Protein chains: 2
Amino acid sequence: MTEQQFRYCGLNVALKALTGKWKPVVLFHLFHNADIRSNELWRVIPKVSKKVLLEQLRQMEDDGLILREERHHFPPEVYYRLSEKGKALGTALVGLEAWANEHAPAQVADILAQEKHPPLSGQEK
Amino acid sequence: MTEQQFRYCGLNVALKALTGKWKPVVLFHLFHNADIRSNELWRVIPKVSKKVLLEQLRQMEDDGLILREERHHFPPEVYYRLSEKGKALGTALVGLEAWANEHAPAQVADILAQEKHPPLSGQEK
DNA sequence: CAAGAAGGTCACCTGCAGGTAACCCGGTCA
DNA sequence: TGACCGGGTTACCTGCAGGTGACCTTCTTG
């Protein structure tokens, strides 16, 4: 049991890559949208502060999950999108999605309910 | 983008179930061994304190991932094993394992190296 | 030329997951 | 009868992920 090189090491790595309150959201937005401006992100994810979001984006970039791309230098437009690695991770996560929907539908529904962020005063895009 | 009910809610639920420094290890030990005494766990996971391990086990139990079973009342033997839900989660995590091994082999190797917990004075079981 | 907008930094604060160490309880055995 | 063992609790402490709000920089526009 001790020496058996239990194969959860990779799991740890994967979870570390996902550790961060907003990374999953970011990942999924990018997974479904391919291309997002940072500003758009922190308009779409209503409750995160610039600083924190940036931190997480940096970490994800460092982890090779996402790619940062500055387009025209003015007005400053910075796009983020998934790398291949990131896409692969997204794909792997689909299994977790499925698991949750199958085995914990109630909690999923709960989150959906909260997630309504109902006021959202403003632009519907 | 705002109303699209992005399907990451389930992901959040799944990650919440895994949130806890030691849960992944526990999960994987149980995944591969079916049946472990709590004492054995905190001998095998060298650096965790009783309290914390217990906390995590409780949470996992509450989440329905694991089942607690007391056997003979003396000497107190408490076995933990995965529920169906837990097993399913383990299975879903295999995808993450694979992802890490494919996309971040270096880090996986790092963890393997640290994980050697080389002294482990004692029983090889 | 002042105001505004996008992207980002900086200094500072806070809550809580995780950690430590001592203690409890029931029972056994030497 | 008291030391020990497995399982578990309790009181207390700490680090750091995450949060807040002001500020900077580069450019445009009225």
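Everything numeric here is computed off the predicted structure, so don't read it as measured data. Quick note on labels: first sequence line is chain A, next is B, and so on, each numbered from 1.
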Distance check needed: [N] [atom2] versus [X] [atom1], whole Å only.
| X | N | atom1 | atom2 | result |
| --- | --- | --- | --- | --- |
| B:Leu57 | C:dG18 | CG | C1' | 15 Å |
| A:Leu54 | C:dA6 | CG | P | 14 Å |
| B:Leu53 | D:dT9 | CG | P | 12 Å |
| A:Lys23 | D:dG18 | NZ | C1' | 12 Å |
| A:Glu77 | D:dT25 | CD | P | 22 Å |
| B:Glu70 | D:dG7 | CD | P | 10 Å |
| A:Asn39 | C:dA5 | CG | P | 11 Å |
| B:Tyr80 | D:dG6 | OH | P | 15 Å |

*Under the ring pair (Phe, Tyr, Trp, His ring centres under 6.0 Å) test, which residues partner B:Trp42, sequence neighbours left out?*
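Listed in chain order: nothing, the list is empty.
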*asked:* Using a strict threshold of under 4.0 Å (side-chain N to carboxylate O), is an ion pair present between B:Asp35 and B:Arg71?
replied: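 Answer for the salt bridge query: yes.
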_Pair A:Glu84 + A:Lys87: basic N to acidic O under 4.0 Å_ =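 Here A:Glu84 pairs with A:Lys87 in a salt bridge, since their nearest N and O are under 4.0 Å apart.
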*asked:* Using a 4.0 Å heavy-atom cut-off, does B:Arg71 contact any base of the nucleic acid, only the sugar-phosphate backbone, or nothing at all?
replied: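 If one applies the 4.0 Å heavy-atom cut-off, B:Arg71 turns out to touch nothing in the nucleic acid.
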*B:Tyr79 near the nucleic acid: base, sugar-phosphate alone, or nothing, with a heavy-atom cut-off under 4.0 Å?*
nothing
*Letter per nucleotide, 5' to 3', of nucleotides 19-30 of chain C [B base touched, S only sugar-phosphate touched, - untouched; heavy atoms, 4.0 Å]*: BB-----BBS--
*asked:* Just by distance, no angles: are the side chains of B:Gln56 and B:Lys21 close enough, under 3.5 Å, to form a donor-acceptor pair?
replied: no
*Residue pair A:Lys16 / B:Gln107, side-chain donor-acceptor N/O under 3.5 Å*: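 B:Gln107 and A:Lys16 do not have a side-chain donor-acceptor pair below 3.5 Å.
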_For B:Lys85, give me all partners under side chain to side chain donor-acceptor pair (under 3.5 Å), at least two apart in sequence or on another chain._
none
*Tell me whether the OP1 or OP2 atom of C:dT9 has a side-chain N or O from A:Arg58 closer than 4.0 Å.*
yes
_For A:Val108 against A:Ala100, the heavy-atom pair lying closest together_ =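 Shortest heavy-atom contact: CG2-O, 3.8 Å.
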